[in-house]
Visitor: 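The structure follows.
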Amino acid sequence: MSTLSTKYDPSQIEDKWYAAWLEANLFHSEPDERPAYSIVIPPPNVTGILHMGHVLDNTLQDVLIRRKRMTGFNTCWVPGTDHASIATESKVVAKLAEEGIRKEDIGREKYLEHAYAWKDKYGGIILHQLKKLGCSCDWDRTNFTMNPDYSKAVLEVFCKLFEKGLIYRGIRMVNWDPKAQTAISDEEVNYKSIQGKLYHIRYPIEGMEDSYAIVATTRPETLLGDTAVAINPVDDRWAHLKGKQAIVPLVGRPVPIIEDEYVKTDFGTGCLKVTPAHDINDYELGIKHGLDSIDIFSDDGTINESGDLYLGQDRFAVRKEIVKDLEEAGLLVKIEPYAHEVGHSERTDVPIEPKLSMQWFLKMEELVKPALNAVNEGDIKLIPGRFINTYRHWLENIQDWCLSRQLWWGHQIPAYYLKGGNDYVVASSLEEALEEAQKKTGDSSLTAKDLTQDPDVLDTWASSWLWPIEVFKGLSEPGNPDITYYYPTQTLVTGPDIIFFWVARMIMAGYEIMGEKPFEDVYLHGLVRDKKRRKMSKSLGNSPDALKLIDDFGADGVRMGMLLSAPAGNDILFDESLVEQGRNFCNKIWNSLRLVKGWELSDVPASDQDQMAIKWMQARIDAESLVINDHFEKYRLSDALMACFKLIRDEFSQWYLEMVKPPYGEPISRETWEATISFFEQVLECLHPFMPFITEEVWQQLRDRKEGDFIVLQQQKKPSEVMHPILEEFELIKELVTKIRAFRVENGFSPKEQISLFLKTKDEERFIPYTSLLEKFLNTDTIAFVKEQVENSGSLRVQTHECFIPLKAVDTGAEREKLKKEIQYYEGFLQKTEKKLSNEKFVANAPEKVVALERKKLADTQEKLNVLRESLLQLN
RNA sequence: GGGAGAUUAGCUCAGUUGGUUCAGAGCACCUGCCUUACAAGCAGGGGGCCACAGGUUCGAGUCCUGUAUCUCCCACCA
C-alpha cells in the first residue's frame, strides 16, 4: 500500500516547487527564435497588498502565460509596481500626521526621504504575495515606475510632447480635491447621487425697493463669489430685472443681471446665481459675459480672504452658517429637498471643488485618432467585444488631459522657471534646461540657481501609460533586442474600470511613441464581488484575506475557485465554497496518484478489456484537448478549466481508472500501467496552467524524473482532429451502465448483491468486447445474450437494445405501465417528426442534412417503438 | 438625459451560423452506500412556458419590434 496520506497537503509542496522553478530559472525569458508571447502585469500600487481582485487578475495572466509556455511560445510576463502618486502620498501624509509632522513643515526633500522609506518598507510585498499564488513572472525584469531609467523615460516623453506642441500650461477650471489638495483628471471624479437641498434665496435689486431676484442653488456658500445673476431673455417672470444690478446677500456686492439662454426657464426659479470661480458652467458664462471671477476657497476647502465674512471656516460649515444668516436677514425663501449628482474624488472620496488653477495639459485630439482606429479596425481586440462602445464613446468625447498634480511623490514636471517670471523652459534635466535657458535669454551667465523647477508632479497614469514600452527599455534603449522581440505584447489582462485611465492611454502612447499598438488582445474581467453581489470592501468585512485563503485551501484551490466563476466581462461572485471545490479536486487528483502508486507491475500482456479502455481514453483526451484549445483561443478560461476538471474527474478517474484497476492485491500489466501513467501525464499537462503546484507534484511522482524535468517543459502533443469511432461506442456502454445502476437502486439491490443481465439485441458483436467491463461495473454473475424476453425480469432499454434483469418478485402491472409510458413518449415524438416531414415547405426549404436527420430520427423511433410494443405484447 | 448589456433550474452561468432527443453545466438539494485510491468520496435522482406580448420563418433561448425589471458606463441643469 502507498505511504501517501489520503489528503493532499499543499503547504509544503507549493513552496517547494516555487523555489525549484525559480532555481531552474523557468520563468525567465530571453529573445530567441520561438514566437514570443508577452504580457505586462498591470502594476499594482507599490505599497499595496494582495486582495481578491489581484488574485483574479493575476491568476488569469498566469494561466495564459503557462499555457503558452507549454505550447511552444517564448513567454515573458513582466512584473512590477506603480508608484501610485496620489494613493501613496496620502498614505505617507497620514503616517506623518500621526507623528505630528506636516509635509509643508519639513519640505520636499525630507518628505521624499520619508516617502522612500515607506516605499522600501512596504514596497514589493505584493510581489512576494504573487509568488505564493504561483505567478510565473519573469522576476529578473521586475520594474517600478519610478526607477531611474523609467523616470527618465517619463520625462523625455513629456519633453517630446511639449516640443510637438501637444503639452501646454494654462489656467483652467479643474477638479480640485481639497483633501489631497491637488487637481485631478476628469476620470478620477466619480459622480454620486446625493440627497441635497435646493435653497431659494432673495437677491435685492439695486434701486428697486421690495423687488428681488430669487435664485435656486444647492451651494449657498458660493454666493460669496457671485459676480452676476443670470436669467433667460425670454422669461417674462424676470423681464423687469433686465439691465439692473442685484445685490449679493450678506456680501452687499452689486452684480449685473445678465441674460443667457443657458438658463433653463423650467428649472428652479429660472434665476441663476453665477459664480465663475466655482462652477464649470458659471465659468463659461463668466467668459462669455466678461464677468469677474472671485475665488473664495483656499486649497483645503476653507474660505479665504475673498469671502472674509467666514474666513477660515470649512465649506460645509459655512453652508450651514450662511443659511442661518440668510434666514435671519429674511432673504431665505424656502428650502426644498433635492437629489443631485455630486462629483467625488475617486481617491479621497470628498466632494470635488471645481477650481480655477494653473495646470499642465496634454492635447488629446491627435493622440486619440490612431487609438480609435486600432480598436475600430480590430487591430486591437477587446474581450468581450461590447466594451468597444464604451471605449469609442470616451475617445470621441475626450477632453484635454490635466497632467499636473500638486503632490510631491512622483515625477516632478521638467519645466524650469526663469527668475521672476512666468517664462520657462522644458527639458528632461537641469543641465539641459540651463542650456536651453541660456539660449532662450541669450544670457550665458545664467546658473542653475536662476532656475526653479515646477513643484508639481505628473499624474501617475502619465508614467504607467508607457509601461508596455519602458519595461522593455523601449525608451531608454530604443531598438534594443527586447523591445524588438517582445513588443507589441500579446495580451493585456485587466478590469474594465481602467479602460480610460490606462488601457486607452497605453494605446495612445504605443502609437505615438512606437508607432505601433502596445498589445493585441485586451481581456477584461469583472469586479470581484461577494456571493450577494456586493463589492468587496474593508468596511463590509466581506473581503477574504487572500493569503489566509491560500494557507487554508492551497494556491491551486484558490485559483480554481476564482476561475470557476470568472467568464470574461462578468462580475465574479466569489464564494469560499468554490475554493473548497478546488481543494476537493486537488484531493481527488492526489488519490488517483495514490491508486496508481500502489500498483504492482507484472509482465503479462494487457487484457482485451484494458486495451479497449486504453484506446478509448486516448481518444477521449484527444477529443477534449481540441475543446480545451478552442476555449483558450476564445479566452473562455473558466470553460477550459471546467473541461479539464471533468476530463480528470469523470473520464479519467471515474471511468478509466475503474476500468483498468486490478482487483485488490493483483498486479497490473506493464503495458496498461505505461498507458495509464501517460494518460495521467497528459491530463495533468492540460490542467497545469490552472493548478500549477499539484500538477507538478503529481507529475513528478508518477515516474522517476531526472533533475531539471518539469511539467512546464512538456510540450503538449497536437491531438488528432479525427473523432475516433470508439468514443461513440463507449457512450452507449456508459449509458447502459448508468441505466442499469439506476435499475439496481430502484429495485432495491444492494451494491454487494449480484445481478444477472440478459441482453436482447441485434448487435451482439457490439457488446461482446465489453462484457467483462460490464461485469466489473455492474457486479453481475452472468451476462448472456437472448433472443426472447426473459421471464420474471425487469426490463430497460438503451437505444434499441433491451436488457432483462431477473427479479425475485416482478410486478407485471408496473412493468406494463412502464412500457406503456415509454411507448406513449415515443409515439408523441414520432408524431412530431412525422408532422415535420409531411410539411412540404419543411422538406423543400430545410437543408438536406436537417431533413435527413429528421428521417433518421423517424426510423430510429419506429424501431424503438417496435421493440417496446413487442415487449408489451410478450408481457401479456 | 445619452449609451451598453442582461433576464434560461433554488444560486452562478453556458447555449457558437436559427435545425439532431435542445433545454445544458457547476454548485445547492433529495435518496442510497464507510464498495481496499479518495466520505474533501462513490452511485443514483428530482428540478426550467428559456422575463412578458407580438412578429419573421417550414422551424425561434437563438433573429426583429414593443413592454417590464435589473446592472453598468457616460453626462456641467443651478
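These values consider heavy atoms only, across backbone and side chains, with no hydrogens, waters or symmetry-generated copies. This structure is a prediction, so every number in the text was calculated from the model and none was measured. A note on names: the letters A, B, ... follow the listed sequences, proteins ahead of strands, and every chain is numbered from 1.
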Visitor: Which way is the base of G61(B) turned, syn or anti, if we draw the line at 90° from 0?
Guide: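 Base orientation relative to the sugar is syn.
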Visitor: Would you mind calling C30(B) syn or anti? Take O4'-C1'-N9-C4 for purines or O4'-C1'-N1-C2 for pyrimidines, and syn is within 90° of 0.
Guide: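 Anti, angle beyond 90° from zero.
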Visitor: For nucleotides 71-78 of chain B, just jot down a letter per nucleotide in 5' to 3' order: B, S or -, based on protein non-hydrogen atoms under 4.0 Å.
Guide: --SSBBBB
Visitor: Grab the NE2-P distance between H525(A) and U12(B) for me, whole Å please.
Guide: 20 Å
Visitor: Tell me the closest heavy-atom pair linking R237(A) and T265(A), and the distance in Å.
Guide: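 Taking every non-hydrogen atom into account, NH2-O, 2.9 Å.
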Visitor: What heavy-atom pair brings L291(A) and A228(A) nearest, and what distance separates the two atoms?
Guide: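 For L291(A) and A228(A), the tightest heavy-atom pair comes out as CD1-CB, 3.6 Å.
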Visitor: Taking the C1' atom of each, how far is A75(B) from U62(B), in whole Å?
Guide: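 Rounded to whole Å, the distance is 35 Å.
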Visitor: Out of curiosity, I589(A) CD1 to I648(A) CD1, how far, rounded to the nearest 0.5 Å?
Guide: 4.5 Å
Visitor: Nearest to the side chain of K752(A), heavy atoms from C-beta on, is which of U35(B), G5(B), G26(B)?
Guide: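 Nucleotide nearest to K752(A)'s side chain: U35(B).
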Visitor: Quick one: which of G19(B), C38(B), C13(B) gets closest to the side chain of N591(A)?
Guide: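 Output: C38(B).
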Visitor: What integer distance in Å separates E580(A):CD from C11(B):P?
Guide: 21 Å
Visitor: Taking atom types as modelled, is there a side-chain donor on T738(A) or E735(A) under 3.5 Å from an acceptor on the other?
Guide: no
Visitor: Find the distance F585(A):CZ to G41(B):C1' and express it as a whole number of Å.
Guide: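 After rounding, the gap between these two atoms is 14 Å.
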Visitor: Taking Watson-Crick and G-U wobble pairs with both distances under 3.5 Å, convert RNA chain B into its dot-bracket string, 5' to 3', dots for unpaired and | for cross-strand pairs.
Guide: (((((((..((((.....[....)))).(((((.......))))).....(((((..]....))))))))))))....
Visitor: Say you pick atom P in U65(B) and the same atom in G5(B); how far apart are they, in whole Å?
Guide: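 Pairwise P distance, U65(B) against G5(B), rounds to 12 Å.
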Visitor: Determine the Euclidean distance between corresponding C1' atoms of G61(B) and U17(B); express it in Å to zero decimal places.
Guide: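 Straight-line distance between the two C1' atoms is 16 Å.
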Visitor: Once you apply a heavy-atom cut-off of 4.0 Å, does E658(A) come out as touching a base, just sugar-phosphate, or nothing?
Guide: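 Here E658(A) touches the bases of the nucleic acid.
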Visitor: Determine the Euclidean distance between corresponding P atoms of C74(B) and G66(B); express it in Å to zero decimal places.
Guide: 26 Å
Visitor: At under 4.0 Å between heavy atoms, what does F777(A) touch on the DNA or RNA strands: base, sugar-phosphate, or nothing?
Guide: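 If one applies the 4.0 Å heavy-atom cut-off, F777(A) turns out to touch nothing in the nucleic acid.
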Visitor: Would you indicate, yes or no, if A40(B) has its OP1 or OP2 atom less than 4.0 angstrom from a side-chain nitrogen or oxygen of N584(A)?
Guide: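 No.
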Visitor: Nearest to the side chain of S653(A), which nucleotide is it out of G26(B), C58(B), A37(B)?
Guide: A37(B)
Visitor: P atom, C49(B) versus C11(B): distance in rounded Å?
Guide: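 Result for the P pair: 13 Å, nearest Å.
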Visitor: Heavy-atom nearest nucleotide on RNA chain B for E746(A) versus M642(A): which residue maps closer to 5'?
Guide: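 So the residue in question is M642(A).
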Visitor: Where each residue is assigned the nucleotide of RNA chain B containing its nearest heavy atom, which of F645(A) and P662(A) is assigned the position nearer the 5′ end?
Guide: F645(A)
Visitor: Which nucleotide, C38(B), U20(B), C33(B), lies nearest any side-chain atom of P751(A)?
Guide: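 Given the options C38(B), U20(B), C33(B), the side chain of P751(A) is closest to C33(B).
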Visitor: In terms of ring plane angle, is the pair W590(A) and Y8(A) parallel, tilted or perpendicular, where the classes change at 30° and 60°?
Guide: tilted
Visitor: Of all the nucleotides listed (U16(B), U36(B), G5(B)), which has the minimum atom distance to the side chain of R636(A)?
Guide: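 So the side chain of R636(A) is nearest to U16(B).
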Visitor: Expressed as a whole number of angstroms, how long is the span from F574(A):CZ to C27(B):P?
Guide: 16 Å
Visitor: Can you measure D639(A) atom CG to U16(B) atom P for me and round it to whole angstrom units?
Guide: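 It is 12 Å, rounded to the nearest whole Å.
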Visitor: I want to verify a distance call: between G19(B), A37(B), A14(B), whose nearest atom is closest to the P847(A) side chain?
Guide: G19(B)
Visitor: Minimum heavy-atom separation for N591(A) to T6(A), with atom names?
Guide: ND2-O, 3.2 Å
Visitor: In terms of side-chain heavy atoms of R533(A), which of U16(B), A37(B), C13(B) is nearest?
Guide: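 Of the candidates, C13(B) comes closest.
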Visitor: Distance check needed: C22(B) P versus K836(A) NZ, whole Å only.
Guide: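 Nearest whole value for this atom pair: 12 Å.
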Visitor: Please report the distance separating the P of G48(B) from the corresponding atom of U8(B), rounded so that it comes out in whole Å.
Guide: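 Straight-line distance between the two P atoms is 15 Å.
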Visitor: Nearest to the side chain of Q654(A), which nucleotide is it out of A43(B), U16(B), G26(B)?
Guide: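 Nearest to the side chain of Q654(A) among the choices is A43(B).
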Visitor: Expressed in angstrom and rounded to an integer, what is the separation of K849(A) atom NZ from C58(B) atom P?
Guide: 21 Å
Visitor: Shortest non-hydrogen contact from M691(A) to C586(A)?
Guide: CE-SG, 3.5 Å
Visitor: For K661(A) and U36(B), is the shortest distance between a side-chain N/O and OP1 or OP2 below 4.0 Å?
Guide: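 No, no such contact exists.
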Visitor: Checking all strands, does A846(A) fall into the base, sugar-phosphate, or nothing category for heavy-atom contacts under 4.0 angstrom?
Guide: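 If one applies the 4.0 Å heavy-atom cut-off, A846(A) turns out to touch a base.
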Visitor: Could you go through R534(A) and D530(A), starting from their C-alpha distance and side-chain angles, then the distance that decides it, and tell me whether this counts as salt bridge (charged side-chain N to carboxylate O under 4.0 Å, His left out)?
Guide: CA-CA 5 Å; R534(A) 298 174 305 183; D530(A) 70 6; 2.8 Å; yes
Visitor: Using the C1' atoms only, state how far A4(B) lies from A40(B), rounded to an integer number of Å.
Guide: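 Looking at atom C1' only, A40(B) and A4(B) are 42 Å apart.
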Visitor: What interatomic distance, in whole Å, is found between P of A14(B) and the corresponding atom of A25(B)?
Guide: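 Rounded to whole Å, the distance is 16 Å.
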Visitor: Any chance you could measure F693(A), atom CZ, to D556(A), atom CG, to the nearest 0.5 Å?
Guide: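 Taking CZ in F693(A) and CG in D556(A), the distance rounds to 6.5 Å.
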Visitor: Contact class for R741(A) vs. all strands (heavy atom < 4.0 Å): base, sugar-phosphate, or nothing?
Guide: sugar-phosphate
Visitor: Look at the side chain of Q581(A) and decide which nucleotide, out of C27(B), U16(B), G19(B), has an atom nearest to it.
Guide: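 Nearest listed nucleotide: C27(B).
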Visitor: Give N839(A) one of three labels, base, sugar-phosphate or nothing, depending on what nucleic acid heavy atoms sit under 4.0 Å from its own.
Guide: sugar-phosphate
Visitor: I need the minimum non-hydrogen distance between V660(A) and A613(A), along with the two atoms involved.
Guide: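 Answer, listing the atom of V660(A) first, then A613(A): CG1-CB, 3.9 Å.
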Visitor: Of all the nucleotides listed (C13(B), C42(B), A37(B)), which has the minimum atom distance to the side chain of R649(A)?
Guide: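 Among the listed nucleotides, the one closest to the side chain of R649(A) is C42(B).
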Visitor: List the atom of A246(A), the atom of V229(A), and the distance in Å for their closest heavy-atom pair.
Guide: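 So the two residues come closest at CB-CG2, 4.0 Å.
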Visitor: Okay, side chain of R744(A), backbone of L778(A): is any donor-acceptor separation there less than 3.5 Å?
Guide: yes
Visitor: Under 3.5 Å, is there a donor-acceptor pair between the Q701(A) and E697(A) side chains?
Guide: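 Indeed, the side chains of Q701(A) and E697(A) share at least one donor-acceptor pair under 3.5 Å.
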Visitor: Nearest whole angstrom, please: distance from the C1' of G26(B) to the NZ of K531(A).
Guide: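 Interatomic distance, NZ of K531(A) to C1' of G26(B): 15 Å.
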